[in-house]
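Below is one structure, written out as structure tokens, with a few remarks after it.
Being a predicted model, the structure only gives us computed values, none of them experimental.
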Amino acid sequence: MKTNIRRIFSAIILFVSCALSASAQYYIQCEDTCNHIHGLDMSHYQGNVWWETVGANSKMYYVYLKASEGGDNIDRRYLENITLARRYGLKVGSYHFYRPTKPQAEQVRNFRTQCRPQDQDLVPMVDIETTGGLGRAELCDSLHKFLRLLEREYRQKPLIYTYESFYNSYLTNQLGGYKLFIAKYNSQKPVLRDGRDVFAWQYTSKGRINGVTGYVDKSRLMGRHSMREIRFRH
């Protein structure tokens, strides 16, 4: 009987130890195990952010903040987020969520009211992840019209953000000259059907960082790419 009790007790100890070990491994994140340049993607969805704490994380170099969406939607936390993120040392860029069926000029104006050049460390980014019901040719035509207007406004090429699957379905061979920021949420690096180079990889939407309650999108630069390549030219 005593032998059986000891065996049961030992099994319980082993189970608890393994569970604790697995839990510890769960919280080991990409930036803990590599030397790549890492950053964040934030919007009002993160709620209240303690930017002083986020800024104190020496492994996070940059943050892209949602500024606007479509022709009239603005992110209600953008002005607060960009002010505090810069104050606490992060390199900051702004992005617009593109709606393909909305007038391009209206969308540029909406973004411009939020994304002031004097506040930017990094080039603007365009988030394209919906077709709006358009076919591939119509979608690409709509996007290119918007990009031309945006470049005229800011005098520099924006980053293009999208998912690997969306790019491969709709945008292959359409975005030469633009750096690509690709989302793919697993351990395999993104691979684009047209062989394009990936500038940055958003590798998780369930990252954790002190200063943010809940999940946050995390990304890293790929290969030998550097922050200098996306520096906002004032």
Open item on the list: With a 4.5 Å cut-off on side-chain heavy-atom distances among I, L, V, M, F, W and Y, is there a chain of contacts connecting Trp50 to Val216?
Closed with: no
Task: Validation row: Leu134, Pro100 side chains within 4.5 angstrom (heavy atoms) - done: yes
Task: Distance in Å, Met125 CE paired with Ser94 OG, rounded so as to fall on 0.5 Å steps - done: 9.5 Å
Task: Point-to-point distance, once rounded to the nearest 0.5 Å, from CD of Glu138 to OG1 of Thr101 - done: 10.5 Å
Task: Whether Thr83 side chain and Leu79 backbone form a donor-acceptor pair below 3.5 Å - done: yes
Task: Whether over 12 other heavy atoms sit under 6.0 Å from Glu229 CD - done: yes
Task: Neighbour count >12 (heavy atoms, 6.0 Å) for atom OH, Tyr45 - done: no
TODO: Identify the heavy atoms of Asp75 and Lys66 that sit nearest to each other, and give their distance.
DONE: CB-O, 3.2 Å
Open item on the list: Any non-hydrogen side-chain atom of Lys184 less than 4.5 Å from a side-chain atom of Tyr203?
Closed with: no
- [ ] Answer yes when Arg77 and Glu80 have at least one side-chain N-carboxylate O distance shorter than 4.0 Å, and no when they do not.
- [x] yes
Open item on the list: Please determine whether the number of non-hydrogen atoms from other residues, nucleotides or ligands lying under 6.0 Å from atom CZ of Arg136 exceeds 12.
Closed with: yes
Open item on the list: Any heavy-atom pair between the side chains of Pro117 and Tyr154 that's under 4.5 Å?
Closed with: yes
Open item on the list: Quick check: is Ile74 connected to Leu84 through a chain of hydrophobic side chains (ILVMFWY, heavy atoms under 4.5 Å apart)?
Closed with: no
Task: Contact check, side chains of Leu159 and Phe199, non-hydrogen atoms, under 4.5 Å - done: yes
Task: Test log, rule side-chain contact (heavy atoms from CB on, under 4.5 Å), inputs Arg208 and Tyr215 - done: CA-CA 6 Å; Arg208 297 282 190 178; Tyr215 294 130; 3.6 Å; yes
- [ ] State, to 0.1 Å, how close Val212 and Val49 come at their nearest heavy-atom pair, and which atoms those are.
- [x] CG2-CG1, 4.1 Å
Open item on the list: I'd like to check Gln202 versus Lys218 (side-chain heavy atoms, cut-off strictly below 4.5 Å). Are they in contact?
Closed with: no
Open item on the list: Is it the case that the side chain of Gln107 and the backbone of Phe146 share a donor-acceptor pair, with hydrogens and angles ignored and the cut-off at 3.5 Å?
Closed with: no
Open item on the list: Are the side chains of Asp217 and Leu40 in contact, using a 4.5 Å heavy-atom criterion?
Closed with: no
- [ ] Working to the nearest 0.5 Å, report the span between CE of Met227 and NE2 of His225.
- [x] 13.0 Å
- [ ] Indicate whether any N or O donor in one side chain lies under 3.5 Å from an N or O acceptor in the other, for Tyr98 and Ser142.
- [x] yes
Open item on the list: Do Val191 and Trp201 sit in one hydrophobic cluster, given that two such residues count as connected whenever their side-chain heavy atoms are within less than 4.5 Å of each other, even indirectly?
Closed with: no
- [ ] Give a yes or no on this: more than 12 heavy atoms of other residues, nucleotides or ligands lie within 6.0 Å of atom NZ of Lys157.
- [x] yes
TODO: Nearest 0.5 Å please: distance from the CG atom of Leu147 over to the CG atom of Leu175.
DONE: 7.0 Å
- [ ] Treat each ILVMFWY residue as a node, draw an edge where side-chain heavy atoms are under 4.5 Å apart, and state whether Phe97 and Ile128 are in one component.
- [x] no
- [ ] Using modelled atom types only, decide if a donor and an acceptor are shared between the side chain of Arg231 and the backbone of Leu122 within a distance under 3.5 Å.
- [x] no
Task: CA sep, side-chain torsions, deciding dist, call: Tyr78, His44, ring-ring contact (aromatic ring centres under 6.0 Å, His included) - done: CA-CA 7 Å; Tyr78 174 74; His44 68 275; over 10 Å; no
Open item on the list: Using a 3.5 Å distance criterion without hydrogens, assess whether the side chain of Ser169 forms a donor-acceptor pair with backbone atoms of Phe166.
Closed with: no
- [ ] Could you please spell out the steps behind the side-chain contact (heavy atoms from CB on, under 4.5 Å) verdict for Glu151 and Gln156?
- [x] CA-CA 5 Å; Glu151 288 175 52; Gln156 48 209 306; over 6 Å; no
- [ ] Taking only Lys NZ, Arg NE, NH1 and NH2, and the carboxylate oxygens of Asp or Glu, determine whether Arg86 and Asp121 approach each other closer than 4.0 Å.
- [x] yes
TODO: Kindly confirm or rule out a cation-pi arrangement of Lys91 over Tyr62, judged by NZ or CZ under 6.0 Å from the six-membered ring centre and within 45° of its axis?
DONE: no
Task: Partners passing side chain to side chain contact (heavy atoms under 4.5 Å, CB included) against Tyr61 (at least two apart in sequence or in another chain) - done: Ile37
- [ ] Measure the acute angle between the ring planes of Phe181 and Tyr161, then classify it against the limits of 30° and 60° as parallel, tilted or perpendicular.
- [x] tilted
Task: Side chain Gln120, main chain Arg116, donor-acceptor under 3.5 Å - done: yes
- [ ] Find the distance between CG (Leu171) and CG (Asp194) and round it off to the nearest 0.5 Å.
- [x] 9.5 Å
TODO: Taking all heavy atoms of Glu129 and all of Thr162, pick out the closest pair and write down the distance.
DONE: CA-OG1, 4.2 Å
Task: For the student: nearest non-hydrogen atoms of Asn81 and Ser43, plus distance - done: ND2-O, 4.2 Å
Task: Interatomic distance, Gln104 atom CD to Arg99 atom CZ [nearest 0.5 angstrom] - done: 14.5 Å
Task: Heavy-atom closest pair, residues Tyr167 and Asn173 - done: OH-N, 4.0 Å
Task: Heavy-atom check, side chain of Leu180 versus side chain of Leu192, under 4.5 Å - done: yes
- [ ] Evaluate whether atom CG of Asn186 has more than 12 neighbouring non-hydrogen atoms of other residues, nucleotides or ligands under 6.0 angstrom away.
- [x] yes
- [ ] Of all the heavy-atom pairs spanning Thr53 and Gly211, show the shortest one and how long it is.
- [x] CG2-N, 3.8 Å
- [ ] Check the pair Ile209 / Asn57 against side-chain contact (heavy atoms from CB on, under 4.5 Å), numbers first and verdict last.
- [x] CA-CA 8 Å; Ile209 188 171; Asn57 187 320; 3.6 Å; yes
TODO: For the pair Leu150 and Phe111, evaluate side-chain contact (heavy atoms from CB on, under 4.5 Å) and give the outcome as yes or no after the intermediate values.
DONE: CA-CA 9 Å; Leu150 195 66; Phe111 185 58; 3.7 Å; yes
Open item on the list: Within the 4.5 Å heavy-atom criterion, are Met60 and Val54 side-chain neighbours or not?
Closed with: no
Open item on the list: Does the plane of the ring in Tyr178 sit parallel, tilted or perpendicular to the ring in His144? Use 30° and 60° as the thresholds.
Closed with: tilted
Open item on the list: Is it the case that the side chain of Asp127 and the backbone of His96 share a donor-acceptor pair, with hydrogens and angles ignored and the cut-off at 3.5 Å?
Closed with: no
TODO: Evaluate the ring planes of His38 and His36, with Trp represented by its six-membered ring, and classify them as parallel (under 30°), tilted (30 to 60°) or perpendicular (over 60°).
DONE: perpendicular
Open item on the list: For Arg112, is the CZ atom crowded, meaning more than 12 foreign heavy atoms sit under 6.0 Å from it?
Closed with: yes
TODO: Count the heavy atoms of every other residue, nucleotide or ligand shown that sit under 6.0 Å from OH of Tyr170, and state whether that count exceeds 12.
DONE: no
